[in-house]
Amino acid sequence: SPTYSMNSMAMAMATTTMRVEVPVKRLMLMRHAKSSWKYPVSDHRRPLNSRGEKSSRAVGQFLHENACWPSLVLSSDAKRTKETWVNMARRGIR
């Protein structure tokens, strides 16, 4: 059986191409869409305005088209934040 010195083993390993697939993790930080000051409600209960509804759907469409949809969302339970995510999930501009 052939014998190999440490140098020849190191050389063989160095010249061998190894490809390792590593999953990419992405952190996205997002803010809620434009909210409405039309109604006299607490900050936590403030809804989106029409511009916020439209822009959140556009962002959802962009994320979907570019395969950037998040696998996990950690979010505030404020009304405007929940509405932002619901509109983004619709994935379309109306």
Side-chain angles (χ1 to χ4, degrees):
S1 92
T3 58
Y4 298 99
S5 68
M6 197 57 125
N7 288 340
S8 63
M9 285 295 276
M11 182 69 95
M13 290 177 71
T15 59
T16 303
T17 303
M18 294 177 60
R19 184 173 183 173
V20 178
E21 296 288 329
V22 178
V24 175
K25 298 206 183 242
R26 179 179 297 136
L27 173 65
M28 288 189 281
L29 302 176
M30 301 185 79
R31 187 174 187 273
H32 61 78
K34 187 76 175 156
S35 60
S36 173
W37 289 86
K38 184 177 179 180
Y39 307 102
V41 295
S42 70
D43 183 61
H44 195 75
R45 295 182 62 210
R46 202 162 8 114
L48 294 181
N49 64 17
S50 59
R51 181 176 137 199
E53 290 173 4
K54 183 177 179 181
S55 65
S56 56
R57 287 191 299 269
V59 169
Q61 184 67 31
F62 174 85
L63 293 175
H64 177 69
E65 288 173 356
N66 291 281
C68 293
W69 200 253
S71 57
L72 174 67
V73 174
L74 302 176
S75 174
S76 161
D77 67 345
K79 182 173 183 163
R80 63 189 179 276
T81 307
K82 290 192 283 185
E83 287 179 354
T84 297
W85 281 104
V86 165
N87 285 325
M88 287 176 65
R90 291 182 181 155
R91 299 179 183 165
I93 301 170
R94 293 186 188 137

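- Looking at T81, its side chain never comes within 3.5 Å of a backbone N or O of D77 through a donor-acceptor pair.
- Between W69 and G60 the shortest heavy-atom distance is CZ3-O, 3.6 Å.
- The two residues S76 and A78 come nearest to each other via the heavy atoms OG-N, 3.0 Å.
- With T84 as reference, H32 is the one residue of R31, K79, H32, M30 to meet the side chain to side chain contact (heavy atoms under 4.5 Å, CB included) rule.
- One hydrophobic cluster holds both V59 and W85 under the rule that ILVMFWY side chains link at heavy-atom gaps under 4.5 Å.
- Residues A33 and S56 share a closest heavy-atom pair of CB-CB, 4.1 Å.
- Taking the side chain as every heavy atom from C-beta outward, V86 and E83 never approach each other to under 4.5 Å.
- Taken to the nearest 0.5 Å, the SG atom of C68 stands 6.5 Å off from the CE atom of M28.
- Checking side-chain atoms of N49 against main-chain N and O of R51 turns up a donor-acceptor pair under 3.5 Å.
- To the nearest 0.5 Å, the span separating CZ on R80 from NE2 on H44 amounts to 8.5 Å.
- Here OG of S55 is found 10.0 Å from CE of M88. Values are rounded to the nearest 0.5 Å.
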